[in-house]
Amino acid sequence: MAAAKYWLMKTEPTSYSIQDLAAEKKQTTFWDGVRNYQARNYMRDEMKIGDKVLFYHSNANPPAITGVATVVRESYPDHTSWDREHKHYDPKSTAQSPRWFMVDIKLEQIFDEPLPLDDLRSVAALKGMELLRKGSRLSVQPVRKAEFDTVLKLTKKKR
DNA sequence: GCCAACGTTGGC
DNA sequence: GCCAACGTTGGC
């Protein structure tokens with residue numbers, strides 16, 4: 001089996017938070033609504049069962065990594081994309097020819113204390129992280145193993 | 001609410 | 001295929 005990969009997924013907590021994920025039956029959800037090709041490609045082509053996901057709250061106060069999830073179902077079409085009633089409806093996507101894809105993730109842990117973006121910026125080992133790049137907007141992005149490990153270490157330090 | 005940094009769209 | 005206009009993201 002290939003080694004697990006590491007990712008970061010953004011969400012605005014006002015629309016879907018890690019607490020919402022915790023409240024789900026089986027603490028699992030489908031990651032619908034991604035409408036960016038690069039982010040889609042990561043989900044569609046590269047995310048595999050067992051991969052680890054840093055759960056990030058954007059547009060939050062403060063913006064922060066709030067926990068860890070794991071991929072439990074690999075890429076399948078995002079049905080909300082051809083639902084006319086849905087906020088993320090895309091007329092160019094159909095059930096016959098889906099344009100957008102998603103994965104399922106399951107909650108693994110909620111950090112006792114979220115790791116604010118500002119704190120992450122001050123960590124030397126995270127200098128190269130995509131999240132910290134100026135102008136970075138990708139909502140699904142790869143994370144290096146070393147970065148992932150560093151983030152987890154930071155949560156332990158806080159206790 | 002502002003606005004910089006992007007991504008997408010569509011006229012040509 | 002260029003690029004201006006427009007829409008979105010997301011920190012602040």
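First the proteins, then the strands, lettered A, B, ... as listed; each starts at 1.
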With sequence neighbours left out, the residues meeting side chain to side chain contact (heavy atoms under 4.5 Å, CB included) with A:A60 are A:P13, A:H57

What pairs with A:N41 under side chain to side chain contact (heavy atoms under 4.5 Å, CB included), at least two apart in sequence or on another chain? A:R44, A:D45

Can you measure [X] atom [atom1] to [N] atom [atom2] for me and round it to whole angstrom units?
X	N	atom1	atom2	value
A:R99	B:dG7	CZ	C1'	14 Å
A:N41	B:dG7	CG	C1'	14 Å
A:K134	B:dA4	NZ	C1'	7 Å

A:Y42 ring center within less than 6.0 Å of A:W7 ring center: yes

Under 6.0 Å between ring centres: does that hold for A:Y37 and A:W100? yes

Path from A:L21 to A:M47 over hydrophobic side-chain contacts below 4.5 Å: yes

Please tabulate the protein-to-nucleotide N/O contacts below 3.5 Å involving nucleotides 8-12 of chain C, giving atom names and distances.
residue, atom, partner, partner atom, Å
C:dT8, O2, A:R137, NH1, 2.6
C:dG10, OP1, A:K10, NZ, 2.8
C:dG10, OP1, A:R137, O, 2.7
C:dG11, OP1, A:Y56, OH, 2.5
C:dG11, OP2, A:N59, N, 3.0

Please say whether more than 12 non-hydrogen atoms of neighbouring residues, nucleotides or ligands are located less than 6.0 Å from NZ in A:K26. no

Within residues 80-96 of chain A, find the residues that approach DNA chain B with a heavy atom at under 4.0 Å, and present them sorted by residue number. A:K92

Once you apply a heavy-atom cut-off of 4.0 Å, does A:R133 come out as touching a base, just sugar-phosphate, or nothing? sugar-phosphate

Would you list the pairs meeting ring-ring contact (aromatic ring centres under 6.0 Å, His included) in which at least one residue belongs to residues 124-151 of chain A, sequence neighbours left out? A:Y6-A:F148

Sequence neighbours left out, cut at 3.5 Å: what donor-acceptor pairs do the side chains of residues 61-73 of chain A make with other protein atoms?
residue, atom, partner, partner atom, Å
A:T66, OG1, A:F55, O, 3.2
A:T70, OG1, A:D51, O, 3.1

